[in-house]
Asks: 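Below is one structure. I have some questions about it.
Everything numeric in this text was worked out from a predicted model, so none of it was measured.
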Amino acid sequence: MSTDSLVPETRVLAIASHVVYGYVGNKMATLVMQLLGCDVAALNTVHFSNHTGYRQFKGTRATAEQITELYEGLCQSHLTDFDVMLSGYAPSAAAVEAVGAIGMDLQRKAEKNPGSFFWVLDPVMGDQGRLYVSNDVVPAYKTIIHHADLILPNQFEAETLSGIKITSLSTLAEAITAIHATYNVPHIIITSVDLSRFTQSPSSQTTTPPDSLTVIGSTTRSDGSPRLFRIDVPALDCYFSGTGDMFAALIVARLREAVFAADPQLRTTKSWVSPDEVKATDLPLARATVQVLASMHSVLEKTMEARDAELRAADTRGDEVLSEEERLKREHLRKSKAAEVRLVRNVQYLREPTVVFQAQEWRKEDLPAGSQ
């Protein structure tokens with residue numbers, strides 16, 4: 001591979017879950033970042049045989065003490081020269097706090113060199129209207145998010161953090177503004193919002209296409225107000241595990257690349273926050289997200305094709321002698337395996353995405369009349 005296709009040299013500490021089979025958590029994120037040229041140190045918070053979507057797995061969860069001990073091992077050998085930290089799933093409130101302590105320690109080490117360290121935090125708490133972590137994990141995240149540079153909540157997590165139920169374009173804008181203000185987070189991307197369910201202005205120039213999902217991003221101005229952009233992508237008729245980890249990993253690489261392509265002063269600016277005159281669609285965060293979504297859409301389309309082929313070729317002989325419960329279980333396991341993201345065979349889409357989605361600035365006048 002030509003070095004021209006690699007992102008700027010980047011050392012990443014990736015703290016997330018690990019599975020033996022398939023691609024979720026660090027198994028997904030580490031490989032994605034390595035394929036784009038990042039040097040990744042993986043600190044795993046769980047060790048499972050497979051992802052939990054199979055409804056059965058074996059393995060262990062790391063304790064807060066074990067996570068801290070691994071980091072202390074890095075420190076004692078002076079192995080903490082990280083440019084970026086990406087933190088994902090942590091199995092308990094204490095583990096979330098331990099991860100937060102690591103992020104804050106790395107920030108302290110870099111505080112004399114603004115822009116030399118950047119923390120991307122994926123607040124993994126739940127989805128589809130429900131928590132899949134214990135309740136005490138939520139306040140733990142609310143405490144450490146104050147220190148992150150970029151957070152990547154889904155719609156449910158954004159509601160949980162902001163305390164605002166997202167039911168319209170205006171409440172979505174309110175939630176993002178509240179997260180910026182409450183946690184002083186410079187960058188936010190809310191992944192996968194179904195805007196087609198919301199009321200839209202007939203005069204809006206950014207009406208959401210049917211059967212699409214929208215990614216909403218924002219970088220604050222110096223007064224704390226959001227610079228909002230949106231990118232609409234077609235919704236694919238399949239549930240994939242690990243897509244959040246894939247998004248986060250690609251964002252690490254592509255944001256670093258976009259920052260290096262911008263004004264050189266940005267690299268030495270705290271949290272890589274662009275000057276106020278930079279438009280929302282010209283933000284490094286927006287440019288990076290466009291690249292990320294192009295890669296993901298291609299990889300997931302190829303995954304769907306491979307999934308369908310695998311299911312067509314599946315050997316179901318013997319299923320008829322199983323009990324209904326066992327037959328349904330076998331079918332679920334078969335579908336879960338077939339839907340594992342096909343990452344390795346589709347590397348070219350990670351490295352050289354074909355950009356077909358564009359970022360649009362999202363302004364107050366795009367909100368429905370009366371909702372502002």
Asks: With a 3.5 Å distance limit and no angle check, can you tell me whether Tyr89 reaches the backbone of Val46 through a side-chain donor-acceptor pair?
Replies: no

Asks: Between Lys337 and Glu310, is there a salt bridge with N-O shorter than 4.0 Å?
Replies: yes

Asks: Is it true that Asp308 and Arg312 have a side-chain N and a carboxylate O under 4.0 angstrom from each other?
Replies: no

Asks: Specify whether Phe57 and Phe48 have parallel, tilted or perpendicular ring planes, treating 30° as the upper limit for parallel and 60° as the lower limit for perpendicular.
Replies: tilted

Asks: Output yes when a side-chain donor or acceptor of Thr30 lies under 3.5 Å from a complementary backbone atom of Lys27, and no otherwise.
Replies: no

Asks: Quick one: which of Ser225, Ser162, Ser218 gives a side chain to side chain donor-acceptor pair (under 3.5 Å) with His180?
Replies: Ser218

Asks: Between Asp315 and Arg317, does any side-chain N to carboxylate O distance fall below 4.0 Å?
Replies: yes

Asks: Charged N to carboxylate O below 4.0 Å: is that the case for Glu111 and Arg108?
Replies: no

Asks: Does a side-chain N-to-carboxylate-O contact under 4.0 Å join Glu325 and Lys329?
Replies: no

Asks: Quick test of your reading of the model: are Asp39 and Arg11 salt-bridged, counting only N-O distances below 4.0 Å?
Replies: yes

Asks: Does any N or O in the side chain of Glu352 come within less than 3.5 Å of the main-chain N or O of Tyr349, such that one atom is a donor and the other an acceptor?
Replies: no

Asks: Main chain of Lys58, side chain of Ser49: is a donor-acceptor contact present, judged purely on distance under 3.5 Å?
Replies: yes

Asks: Any side-chain to backbone donor/acceptor pair from Thr303 onto Arg342? Under 3.5 Å, distance only.
Replies: yes

Asks: Do Trp362 and Phe229 come close enough that some side-chain heavy atom pair is under 4.5 Å?
Replies: no

Asks: Does the side chain of Arg334 reach to within under 4.5 Å of the side chain of Asp319, using non-hydrogen atoms?
Replies: yes

Asks: Is the closest side-chain heavy-atom distance between Ile231 and Thr214 below 4.5 Å?
Replies: no

Asks: Without swapping roles, check the side chain of Asn154 against the backbone of Glu157 for a donor-acceptor pair under 3.5 Å.
Replies: yes

Asks: Cationic tip of Arg130 within the cone over Phe156's six-membered ring, i.e. under 6.0 Å and within 45° of the normal?
Replies: no

Asks: Using the rule side chain to side chain contact (heavy atoms under 4.5 Å, CB included), only one of Leu106, Ile102, Asp105 pairs with Cys75; which is it?
Replies: Asp105

Asks: Is Glu326 salt-bridged to Arg330, cutoff N-O under 4.0 Å?
Replies: no

